[in-house]
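Counting starts at 1 for both ligands and their atoms, in listed order. Computed from a predicted model, the values in this text were never measured in an experiment. Atom set for the values below is all heavy atoms of this structure, side chains included, hydrogens, waters and symmetry mates excluded.
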Amino acid sequence: MGETVIPLADLRYAAPVPAIPADLTAPNGLLADRLGRPLRDLRISVTDRCNFRCSYCMPKDVFDRDYVFLPQTSLLSFEEIARLARIFVAHGVQKIRLTGGEPLLRKGLEGLVEMLSELRTPDGAPLDLTLTTNGSVLARKAKALSAAGLKRVTVSLDALDDVVFRRMNDVDFPVADVLDGIAAAQSAGLGPIKVNMVVKRGTNDHEIVAMARHFRHSGIVLRFIEYMDVGGSNGWRMDEVLPSARVLDLLRAQWPMQALDASMTGETAERWRYADGAGEIGLISSVTQAFCRDCNRARLSTEGKLFMCLFATAGHDLRTLLRQGRSDAEISAALGQVWAGRDDRYSELRAAQPADRGAGQRRVEMHYIGG
Ligand code: SAM
Ligand code: SF4
Ligand code: SF4
């Protein structure tokens, strides 16, 4: 299709924040976007750096020695993040997920967790505060994170076989250390733990049953994620996507499975349980079964840009508002305007397009926006 290739360094994804209305009366807590969806879930990326180079996210040939990550001064400080989070919570956010890049590489992250754990929803409830990590340093940090007020963690793990795992993280990182991290999180009470496995056909689909067997009876929910066409550097191809329906077939060939109801609106995973009581799994079918209709998630990038969709091409610059010394009321009103104007539903639209549409387009990268 001859799409223009834009150098990654130029992709700072800036879209203006809509004008702040004069009366500054954002309808706190009553926000709905143009498709009637409330704002409930905020994902905050705390760093664009990572010690892994998963080919589906930060392929080595793009994210090499010469790749320029954001400078420290561009990052939102913990105080800035906590201030924005408070405003988001006033607008209806009930769940905050810290992500990245690898969030545990951000120095002193426990300090941010502590600040966020003090936030309360308008009806006085604590937040569902969680974090997604590659698990590489979790064994060292689980206790401190739990003490700081983190409720639970999601750990990404794409294979149990050490050779396959090292190949997928592409930095020769051993699977045993991630398993130690999961065990440490369990002992620290960071549960219920979820494990995310991105399934790439021909790369790790032969690990599906072994992963399922490993996590049966563990109390850990294993979730299989379809490889997504996020960003513009992973060379995504439809033929490398293994539809969740196939994953389910593989599991059903081993164990009787029963469908479960979604535990809450906006949940991304379709839930199934083993009929023998060995636990639960999730299927995240972002490619083959769009779930935009209930999407109540916003994403705050490392440098304070607000994205309304994982597949957005531009974000609204909240950092400028913060650093201009705008008041909470002004920022709140701007956020209200942005959400009220939201009509994103990329996956639904993609489903209606030819199979390879989307590959190579200019979109935000996953490590920057946070998964
Ligand atoms: N570094 C942390 C980690 O890997 O858990 C947090 C950030 S990572 C971007 C968040 C999640 O996005 C991970 O579970 C990862 O597997 C998932 N992810 C990244 N690229 C993906 C892709 N192309 N398709 C599906 N999931 C992807
Ligand atoms: Fe790093 Fe997570 Fe992306 Fe893998 S998926 S490269 S661990 S940010
Ligand atoms: Fe939400 Fe965008 Fe994903 Fe649809 S494609 S579920 S709107 S993040």
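Of the possible donor and acceptor atoms, none in the side chain of Arg97 sits under 3.5 Å from a partner among the backbone N and O of Thr130. The closest donor-acceptor contact from the side chain of Arg106 to the backbone of Gly100 lies at 3.5 Å or more, if one exists at all.
Checking Glu270 against Ser285 by side-chain atom types alone, no donor-acceptor pair falls below 3.5 Å.
Here is the list of ligand 3 atoms found below 4.0 Å of a heavy atom in Phe311: 5 (S). Near Thr133, meaning under 4.0 Å from one of its heavy atoms, ligand 1 places the atoms 2 (C), 3 (C), 5 (O). In the vicinity of Asn234, heavy-atom distances shorter than 4.0 Å reach the ligand 1 atoms 23 (N). Listed by number with element, the atoms of ligand 3 under 4.0 Å from a non-hydrogen atom of Tyr346 are 5 (S). Listed by number with element, the atoms of ligand 1 under 4.0 Å from a non-hydrogen atom of Glu102 are 1 (N), 2 (C). The atoms of ligand 3 that sit less than 4.0 Å from any heavy atom of Cys309 are 2 (Fe), 5 (S), 7 (S), 8 (S). Close approach of ligand 3 to Ser347 (heavy-atom distance below 4.0 Å) involves ligand atoms 5 (S). Set against the non-hydrogen atoms of Thr99, the atoms of ligand 1 under 4.0 Å away are 6 (C), 7 (C). If you number the atoms of ligand 1 from 1 as listed, the ones under 4.0 Å from a heavy atom of Asn196 come out as 14 (O). Near Arg297, with a cut-off below 4.0 Å to any heavy atom, the atoms of ligand 3 are 1 (Fe), 6 (S). Applying the 4.0 Å criterion to heavy atoms of Gly100 picks out, from ligand 1, the atoms 7 (C), 9 (C). In the vicinity of Asn134, heavy-atom distances shorter than 4.0 Å reach the ligand 1 atoms 2 (C), 3 (C), 5 (O). Distances below 4.0 Å separate heavy atoms of Tyr227 from the following atoms of ligand 1: 23 (N), 24 (N). Proximity to Asp344 (heavy-atom distance under 4.0 Å) selects the following atoms of ligand 3: 7 (S).
When hydrogens are left out, the protein atom nearest atom 4 (Fe) of ligand 3 is Cys292 SG, 2.3 Å; that is the closest non-hydrogen contact. Looking from atom 8 (S) of ligand 3 to the surrounding protein, the closest heavy atom is Leu310 N, 3.3 Å.
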**Q.** Verdict with reasoning, Arg299 to Lys305, per side-chain contact (heavy atoms from CB on, under 4.5 Å)
**A.** CA-CA 8 Å; Arg299 292 179 160 85; Lys305 292 204 170 71; over 6 Å; no

**Q.** Trace of the salt bridge (Lys or Arg N to Asp or Glu O under 4.0 Å) decision for Asp33 with Arg37
**A.** CA-CA 5 Å; Asp33 72 6; Arg37 299 169 295 189; 2.7 Å; yes

Q. Given Asp128 and Lys151, is the salt bridge (Lys or Arg N to Asp or Glu O under 4.0 Å) satisfied, shown in steps?
A. CA-CA 7 Å; Asp128 180 8; Lys151 297 267 173 53; 5.9 Å; no

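Ligand 1 has no nitrogen or oxygen under 3.5 angstrom from a nitrogen or oxygen of Pro103. For ligand 1, none of its N or O atoms has an N or O atom of Val198 under 3.5 Å away.
For Gly135, the heavy-atom gap to ligand 1 stays at 4.0 angstrom or more. Contact analysis puts Arg299 in contact with ligand 3, with a non-hydrogen atom separation below 4.0 angstrom. Put simply, no part of Met197 is less than 4.0 Å from ligand 1, judged by heavy atoms. Contact annotation: Gly101 has at least one heavy atom less than 4.0 Å from an atom of ligand 2.
Taken to the nearest 0.5 Å, the OG1 atom of Thr268 stands 11.0 Å off from the CG atom of Asp294. Note that CG of Leu112 is 8.0 Å distant from CG of Leu129, once rounded to the nearest 0.5 Å. Between atom SG of residue Cys295 and atom OH of residue Tyr346 there is a gap of 14.0 Å, rounded to the nearest 0.5 Å. For the atom pair OG of Ser218 and CD of Gln186, the computed distance is 6.0 Å after rounding to the nearest 0.5 Å.
Aromatic ring pairs are classed by plane angle as parallel below 30°, tilted from 30° to 60° and perpendicular above 60°; the pair Phe173 and Phe52 is tilted. Taking the six-membered ring where tryptophan is involved, the planes of Phe69 and Tyr67 are perpendicular, since the angle between them exceeds 60° and thus also 30°.
The closest heavy-atom contact to atom 1 (N) of ligand 1, among the options Ser55, Gly101, Ser136, comes from Gly101. The heavy atom nearest to atom 6 (S) of ligand 2, out of those in Cys54, Ser156, Pro59, is found in Cys54. Closest to atom 5 (S) of ligand 2 by heavy atom, among Ser45, Ser136, Ser55, Cys57, is Cys57.
Side-chain contact between Glu80 and Leu84 is absent, with no heavy-atom pair separated by less than 4.5 Å.
With salt bridges taken as basic N to acidic carboxylate O contacts below 4.0 Å, none links Arg252 and Asp249. Ion pairing of Arg345 with Asp343 is absent here, as no side-chain N (NZ or NE/NH1/NH2) approaches a carboxylate O to less than 4.0 Å.
Distances from atom 2 (Fe) of ligand 3 show that Cys295 has no N/O/S atom below 2.8 Å. Residue Cys50 counts as close to atom 1 (Fe) of ligand 2, with an N, O or S atom under 2.8 Å.
Neither the backbone nor the side chain of Asp158 has any atom closer than 4.0 Å to an atom of ligand 1 (non-hydrogen atoms only). At a heavy-atom distance under 4.0 Å, atoms from both the backbone and the side chain of Thr132 approach ligand 1.
Under a cut-off of 6.0 angstrom, the local environment of CZ in Arg323 is crowded, with over 12 non-hydrogen atoms contributed by other residues, nucleotides or ligands. Heavy atoms from other residues, nucleotides or ligands lying under 6.0 Å from CZ of Arg140 number 12 at most.
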